[in-house]
Amino acid sequence: MTDTPKDLDELRQRIDELDGDILRLISERAACAQRVAEIKTVEDPQAVFYRPEREAQVLRRIMALNQGPLDSEEMARLFREIMSACLALEQPIKVAYLGPEGTFTQQAALKHFGESALSMPMAAIDEVFREVEAGAVNYGVVPVENSTEGVVNHTLDSFMDSSMRICGEVVLRIHHHLLVAETTRRDKVSRIYSHPQSFAQCRKWLDAHFPHAERVPVSSNAEAARLVKTEWHSAAIAGDMAAKLYGLTRLAEKIEDSPDNSTRFLIIGNQDVPMSGEDKTSIVVAMRNQPGALHDLLEPFHRHQIDLTRLETRPSRSGVWNYVFFIDFKGHCEEPRVAAVLEEVQLRAAELKVLGSYPVGVL
Ligand SMILES: C=C(O[C@@H]1C=C(C(=O)O)C=C[C@H]1O)C(=O)O
């Protein structure tokens, strides 16, 4: 922009011009993405258009280039939607998530794939796995750990019986609100519905503000929001998606006890994701039950200076090995250093399964 427009009319004219430019550029970008899809289809008629590593690179580049005034995350969010719409031109991506509609998992699915994805609620985590395995959907989204409540065991257990790969991760800041309906008598709230995890995450706030209200655990936050619609003396603890879905208003906002309450979700699919430049790998390892087993398992990571980001233990269900370890670490299995560690672990372990290498969550 050479000279600064001075009055409102001029500014609005300039905005119209810029919108025209943006429109033209987005259309040109969409045409390029369509062309990429055509080339992919010629190479392989069954080609998967969605490329997690490429999308992560696009978003990271945008964040690095951004100079404001919008913050980088906001800018990446806009580009996330542009990519989502471009991809949907070819085929809207189908994503199964742990439902019902209005849960944080749906929010995570849309944050990762954008609003043009078709998201389908499933009743349980193993159903999400089954839908992906059966090819009914392209990907699945399941919660795996919460910063205050810890690991989601169902998800880890599902990986033990499944051949699904991890294709990505997404971290969502979890904000809980106390929600009421238009008909709720706000001064007479005597019952609060929520998911047990959300109750746990808001326990101190509830003790301070609603010590006498009955806390009724239900299967999801969205279910809690639905129930509130029918009862004048009830409130729900749930997030923005559920509030919007059921037309509830916030009696109190962000009532979670820990201000950086977040949940990590995994994207599961049946694709091996190439390197993006900033990746993580997840493995599950069964060790023989003998003294020093955990030390033997971790020693190669230490020696090759590989950063562990998570270690979980689950009882093995086979009975032969007592415990299995879920390990996340920085790096991609195609990197020589990571390949070397995995080879060593393989020798020491009773069983090793690489669940996937995938881009570190960008948004
Ligand atoms: C265009 C491509 O395909 C898809 C669309 C992308 C985009 O709009 O930038 C990026 C990765 C893929 O999910 C590609 O592989 O480059």
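Read the numbers this way: they start at 1 and go in the same order the structure lists the ligands and their atoms.
Of the options Arg29, Gln34, Glu55, the smallest heavy-atom separation from atom 7 (C) of ligand 1 is shown by Arg29. Summarising the contacts of atom 14 (C) of ligand 1 with Val36, Ile93, Leu87, the nearest heavy atom is found in Val36. Compare Arg80, Arg54, Gln57 by their heavy atoms: the one nearest to atom 16 (O) of ligand 1 is in Arg54.
Polar contact check, Tyr50 against ligand 1: no nitrogen or oxygen pair lies under 3.5 Å apart.
Listed by number with element, the atoms of ligand 1 under 4.0 Å from a non-hydrogen atom of Met83 are 7 (C), 8 (O), 9 (O). Applying the 4.0 Å criterion to heavy atoms of Phe49 picks out, from ligand 1, the atoms 3 (O), 4 (C), 12 (C), 13 (O).
Using bins of under 30°, 30° to 60° and over 60° for the plane-to-plane angle, the ring pair His112/Tyr50 lands in the perpendicular bin.
Ionic pairing of Lys40 and Glu43 is not present here: no N-O contact between side-chain nitrogen and carboxylate oxygen is shorter than 4.0 angstrom. A salt bridge does not link Lys330 with Asp279: every distance from a Lys NZ or Arg NE/NH1/NH2 to an Asp or Glu carboxylate oxygen is 4.0 Å or more.
Two rings, from Phe104 and Phe265, have their centers 6.0 Å or more apart.
In terms of protein heavy atoms, atom 15 (O) of ligand 1 is closest to Lys40 NZ, 2.9 Å.
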| task | Take Leu87 and Ile93 through the side chain to side chain contact (heavy atoms under 4.5 Å, CB included) test and state the conclusion after the steps. | result | CA-CA 8 Å; Leu87 192 67; Ile93 209 158; 3.8 Å; yes

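Screening Gln201, His177, His175, Arg173 against Glu256 for a side chain to side chain donor-acceptor pair (under 3.5 Å) leaves a single residue, His175.
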